[in-house]
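Reviewing the structure listed below.
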Amino acid sequence: MTDIILLSDPRVAATRVTDNGEPLVDAREVAALRVDPRKTDHDGSYAHLRADVLRRLLLAQEALPRGIRLLMVEGFRPPALQRRYFDEYAATLRAAHPDAGPDRIRELASAYISPPEVAPHVSGGAVDLTLCTDDGAELPLGTEVNATPEESGGGCRTAAPHVDAGARAHRAAMGRAMTAAGFVNYPTEWWHWSYGDRYWALLTDAPTAKYGPASLSPTTD
């Protein structure tokens with residue numbers, strides 16, 4: 001099996017970015033896509049994605065089996081929030097591994113929260129999502145979205161062998177649809193997919209990433 005490339009890998013940070021200037025758009029304005037409110041924030045950042053990322057999500061949804069839809073949980077994440085998430089998780093890891101040095105803590109943390117300087121969510125190119133029925137009932141995919149490696153016993157990994165057959169089937173269906181639409185998965189998190197960011201560029205051998213750090217303009221609230 002190919003080793004997982006973590007977001008802390010120097011090759012990710014070394015990937016060049018040529019931002020194409022594509023705007024962030026609000027997925028809540030697209031009736032065909034369900035956006036879950038669990039990550040609601042004050043300015044609606046969580047519901048925004050780069051325009052082509054949203055277009056590709058809709059293509060992925062069309063490729064799912066009948067009766068199954070995507071359920072978007074979180075898209076764009078402001079840099080300050082990404083930094084807070086990373087620092088908080090790193091602090092818990094330092095407490096659990098007091099003998100680990102800074103580089104090891106960074107590596108462990110990046111299996112769950114991306115280092116802020118390369119974070120896919122900060123680019124607007126990443127999306128956390130799961131599956132639901134047509135009427136919005138969330139389907140089982142083995143763990144909760146955003147379950148840590150510790151609390152899920154490793155079940156958060158996309159290819160985790162110990163999730164049940166139904167969850168594996170749902171993960172596989174989502175994987176086929178998302179891959180066909182051009183996304184790449186972060187293998188330590190079954191729910192995390194991205195397009196156009198540094199991680200996507202590295203995995204697809206693209207010459208540069210399409211999206212660098214983004215921000216909401218006053219007109220996108």
Side-chain angles (χ1 to χ4, degrees), residues 7 22-79 81-82 85 112-114 119-148 152 156-158 167 169-197 199-200 210-211 213-217 220-221:
L7 281 157
E22 201 172 287
L24 291 168
V25 294
D26 193 338
R28 294 171 296 183
E29 297 177 359
V30 179
L33 183 68
R34 285 187 176 271
V35 180
D36 189 275
R38 75 187 75 175
K39 301 292 285 187
T40 299
D41 47 29
H42 75 282
D43 61 359
S45 290
Y46 82 103
H48 284 74
L49 295 167
R50 296 281 189 148
D52 194 39
V53 176
L54 179 55
R55 181 186 71 84
R56 289 171 182 275
L57 268 191
L58 296 175
L59 291 176
Q61 180 162 270
E62 291 175 2
L64 288 170
R66 185 182 299 274
I68 296 179
R69 298 177 61 180
L70 295 175
L71 180 62
M72 177 179 164
V73 175
E74 186 178 18
F76 173 63
R77 190 181 293 159
L81 181 58
Q82 183 72 30
Y85 284 167
Y112 177 64
I113 297 289
S114 173
H121 281 285
V122 171
S123 75
V127 60
D128 293 340
L129 74 169
T130 186
L131 300 176
C132 66
T133 62
D134 285 333
D135 61 4
E138 194 168 333
L139 296 174
L141 274 88
T143 75
E144 296 294 326
V145 173
N146 291 322
T148 68
S152 69
C156 56
R157 291 192 170 216
T158 306
H170 289 148
R171 291 186 187 191
M174 184 165 68
R176 287 190 295 270
M178 294 295 288
T179 300
F183 291 89
V184 299
N185 173 243
Y186 191 43
T188 65
E189 301 176 350
W190 60 262
W191 55 84
H192 178 102
W193 295 82
S194 67
Y195 173 84
D197 64 304
Y199 195 75
W200 167 88
K210 298 183 179 188
Y211 309 136
S215 62
L216 282 181
S217 70
T220 56
D221 288 349

query: Does the side chain to side chain contact (heavy atoms under 4.5 Å, CB included) test come out yes or no for L129 and L57, once each step is laid out?
result: CA-CA 10 Å; L129 74 169; L57 268 191; 4.0 Å; yes
task: Heavy atoms only: give me the nearest A47-V35 pair and the separation to one decimal.
output: CB-CG1, 4.2 Å
- request: Please list, chain by chain and in numerical order, all residues satisfying side chain to side chain donor-acceptor pair (under 3.5 Å) with W190, sequence neighbours excluded.
  value: T143
task: List the steps and the verdict of side chain to side chain contact (heavy atoms under 4.5 Å, CB included) for Q82 and I113.
output: CA-CA 8 Å; Q82 183 72 30; I113 297 289; 3.6 Å; yes
Which atom of L33 lies closest to which atom of M72, heavy atoms considered: CD2-SD, 4.2 Å
field: R50: salt bridge (Lys or Arg N to Asp or Glu O under 4.0 Å) partners, not counting sequence neighbours
entry: D19
- request: Locate the shortest heavy-atom distance separating A177 from A63; write the atom from each residue and the value.
  value: CB-CB, 4.0 Å
Minimal non-hydrogen separation, V53 against G125, with atom names: CG2-CA, 3.9 Å
query: How long is the span from the NE2 atom in H121 to the NE2 atom in H192, to the nearest 0.5 Å?
result: 5.0 Å
- prompt: Can you find a heavy atom in the side chain of V127 that is under 4.5 Å from one in the side chain of L70?
  reply: no
field: Selection residues 179-188 - residue pairs positive for side-chain hydrogen bond (donor to acceptor under 3.5 Å, both in side chains), sequence neighbours left out
entry: T158-N185
Of all pairs that satisfy salt bridge (Lys or Arg N to Asp or Glu O under 4.0 Å), the ones with a partner from residues 51-64, not counting sequence neighbours: D52-R55, D52-R56
query: What are the two closest non-hydrogen atoms of P120 and S194, and how far apart are they?
result: CB-CB, 4.3 Å
- line: dist H48:NE2 -> L54:CG (nearest 0.5 Å) comes out at 10.5 Å
statement: Scanning both residues in full, the closest heavy-atom pair of L49 with A126 reads CD2-O, 3.4 Å
task: Nearest 0.5 Å please: distance from the CE atom of M178 over to the CD atom of Q61.
output: 10.5 Å
- prompt: Under the 3.5 angstrom rule, does the side chain of R69 hit a backbone N or O of A32 as a donor-acceptor pair?
  reply: yes
- prompt: Quick one: salt bridge (Lys or Arg N to Asp or Glu O under 4.0 Å) partners of D36, sequence neighbours excluded?
  reply: R38
field: Spacing of OH belonging to Y46 relative to CG belonging to D128, to within rounding of 0.5 Å
entry: 13.5 Å
- prompt: To the nearest 0.5 Å, what is the distance between CG (N146) and OH (Y85)?
  reply: 8.0 Å
field: Rounded distance (nearest 0.5 Å) linking atom OG1 of T130 with atom CD of E144
entry: 9.0 Å
query: Taking only residues two or more places apart in sequence, or in another chain, which ones meet T133 in a side chain to side chain donor-acceptor pair (under 3.5 Å)?
result: D135
message: Could you go through V73 and W191, starting from their C-alpha distance and side-chain angles, then the distance that decides it, and tell me whether this counts as side chain to side chain contact (heavy atoms under 4.5 Å, CB included)?
response: CA-CA 9 Å; V73 175; W191 55 84; over 6 Å; no
message: Using only atom types and a distance under 3.5 Å, with no angle test, would you say the side chain of R34 pairs donor to acceptor with the backbone of D134?
response: yes
